[in-house]
2 protein chains.
Amino acid sequence: MPSYDPSTFPPFAVTVDLVVLTVRRHALCALVVRRGESPFQGRWALPGGFVRTDEDLGAAAARELVEETGLCAHDPAAPAVGNGAHLEQLATYGDPGRDPRMRVVSVAHLALAPDLPAPRAGGDANSARWAPVVDLLGPGGGFGRDGEQSEPLAFDHARILDDGVERARSKIEYSSLATAFCPPEFTVGELRRVYEAVWGVVLDPRNFHRKVTGTPGFLVPSGGTTTRQGGRPAQLFRAGAATVLNPPMLRPEV
Amino acid sequence: MPSYDPSTFPPFAVTVDLVVLTVRRHALCALVVRRGESPFQGRWALPGGFVRTDEDLGAAAARELVEETGLCAHDPAAPAVGNGAHLEQLATYGDPGRDPRMRVVSVAHLALAPDLPAPRAGGDANSARWAPVVDLLGPGGGFGRDGEQSEPLAFDHARILDDGVERARSKIEYSSLATAFCPPEFTVGELRRVYEAVWGVVLDPRNFHRKVTGTPGFLVPSGGTTTRQGGRPAQLFRAGAATVLNPPMLRPEV
DNA sequence: TCAATAGTGTCTTTAAGACAGTATCGC
DNA sequence: GCGATACTGTCTTAAAGACACTATTGA
């Protein structure tokens, strides 16, 4: 083990970047902000900022989340419902060349939020937006298709976003985290459309209904019904106490 | 978004810590090193060290792994076999009080290695050892049981180790990563004993054999046989090209 | 011979996939 | 009425769990 001398450690800057995902109009969307400064001035980027001197990594991510969206981060142990978002650490990115100015290590976090009215970004309305991830990454995770896409994200944020999307896609398989995309009360159909948007597939409504209502602790009937989707009124549910789904939801083959 | 001034960023030290796991004598073991300096002098800790100024995080982890064990880290895309170890990023720990001397953010990595002759630690034979994780963490992840346990690990390394063990336990469910604990050629029984040691359960040898040999691309017969386990000679296999197991291996209920 | 491990086969049970059919709303 | 969505039910199939049985070595 190398000698450990606190006075000669190589200096780093440490930031948190946020992959904030939501489902809007049947599409998985991510929160991006317009950069006002060089480098990558004018390009879209993930929200983020420096970790403060006496602040834990998770606290820094929660603070950034409030600043960007007004969402409160839930305790990770509690079910992610209500007007708070699920927040968890994603991965850390520290390539020496990822920021041209200096050595920056970014601890990326993943947040899952229900559909929100509109993002805010320090008062500047035009500097933040929800963008469909297919526009930001392309259908296969790369660029260069169709005409609807933005230019590439700043820094290595396309890779971070891709990792976050893949984390969300896999986590809703074996956890009840898909409810974090829903309002406090939701129908089975709304939950199914969340899975369809995140996975980019079409699911059989009957088998889906059997699966989610048959998994103990996943959904709890709230008593009410709604007709906001049209058709026959649907029963309303809240997220139950279960956090892991065993057996898991199976993502259909491509 | 807060102002981004590279000249006034809060200074951090960034380290990598390693959770190196192996299976020895039917027990899941972790590599720990004896601390020679304060704080926690004389206590066991996970190996690790500073990230160098122009070094990627994964490169720093791979360098530490070589320094501590002599193992080469495999490319994450390639199957983890042979005399190299599987290495992946685990999580990042940055609580402001986790190191009493200064603000240190540690990017923990997880390495899975086959059974090795003996650890080395800079020439000092007594300063590194393979310790059963049940001795380091206790059966339930806590301390205070039996008499066989060491004193708690230094810093927050018990939590890091616990996270690494849980990552390994879940990853061998849906990936072929259990072969990273095996030598280049191994039998079905040896692979089963890896699962049993990592999960701490007993598996049905017949169902296990059906499962692993029936999953395409998991195991490839190497042609030879061995009798090193006693009893009827067993067919030898190498790890196949498959990296994900679908459907997964099912971990029995507790 | 026996003990130990390797390997194959069968029956049962769980749960997913693929459907059909009925129920209850707005229009 | 019609269209839409919600919900229940049935048949089939994939795969795990729980066994019995045979095969091949060393001691």
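Throughout, protein chains are lettered first and strands after them, A, B, ... in sequence-line order, and every chain is numbered starting at 1. If you're wondering where the values come from, they're calculated on a predicted model, not measured in any experiment.
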Task: Residues R251(A), E166(A): salt bridge by 4.0 Å N-O rule - done: yes
- [ ] Flag the pair R159(A) and D163(A) as a salt bridge only when some basic side-chain nitrogen lies within less than 4.0 angstrom of an acidic carboxylate oxygen.
- [x] yes
Task: Centroid-centroid under 6.0 Å between Y195(A) and F208(A) rings - done: yes
Rounded distance (Å) that lies between atom [atom2] of [N] and atom [atom1] of [X]:
X: Q229(A); N: dT24(C); atom1: CD; atom2: C1'; answer: 15 Å
X: N207(A); N: dG21(C); atom1: CG; atom2: C1'; answer: 15 Å
X: L236(A); N: dC25(C); atom1: CG; atom2: P; answer: 14 Å
X: L250(B); N: dA15(C); atom1: CG; atom2: P; answer: 11 Å
X: D204(B); N: dA6(C); atom1: CG; atom2: P; answer: 13 Å
X: R251(A); N: dA16(C); atom1: CZ; atom2: P; answer: 16 Å

Between [options], spot the one nearest the side chain of [X], thanks.
X: T187(B); options: dC19(C), dA6(C), dG7(C); result: dA6(C)
X: R232(A); options: dA18(C), dT5(C), dT24(C); result: dT24(C)
X: H209(B); options: dA16(C), dA23(C), dG7(C); result: dG7(C)

TODO: Check every nucleotide of DNA chain D for an atom under 4.0 Å from a heavy-atom of chain A, then give the first and the last such nucleotide from 5' to 3'.
DONE: dA4(D) to dT10(D)
Open item on the list: Check for me whether R25(B) meets the cation-pi criterion with W130(B), that is, NZ or CZ under 6.0 Å from the six-membered ring centre and within 45 degrees of the ring axis.
Closed with: no
Task: Closest-nucleotide ordering on DNA chain D, the 5'-leading residue of M249(B) and P233(B) - done: M249(B)
Open item on the list: Does a side-chain N or O of K211(A) approach OP1 or OP2 of dA16(C) to a distance below 4.0 Å, or not?
Closed with: yes
- [ ] Looking at every strand, decide which applies to R228(A) at a 4.0 Å heavy-atom threshold: base, sugar-phosphate, or nothing.
- [x] nothing
Task: Distance-only donor-acceptor check, side chains E185(B) and S222(B), under 3.5 Å - done: yes
Task: For L112(A), the option from V19(A), V194(A), L177(A) that meets side-chain contact (heavy atoms from CB on, under 4.5 Å) - done: L177(A)
- [ ] State which residue, out of D17(A), L137(A), L110(A), V32(A), fulfils the side-chain contact (heavy atoms from CB on, under 4.5 Å) condition with L161(A).
- [x] L137(A)
Open item on the list: Does R210(B) contact dG9(C) through a side-chain donor or acceptor facing the base, at a distance under 3.5 Å?
Closed with: no
- [ ] Would you kindly check whether a donor in the side chain of R206(A) faces an acceptor in the base of dA18(C), or vice versa, at under 3.5 angstrom?
- [x] no
Task: First encountered from the 5' end of DNA chain C, between P248(A) and F237(B) - done: F237(B)
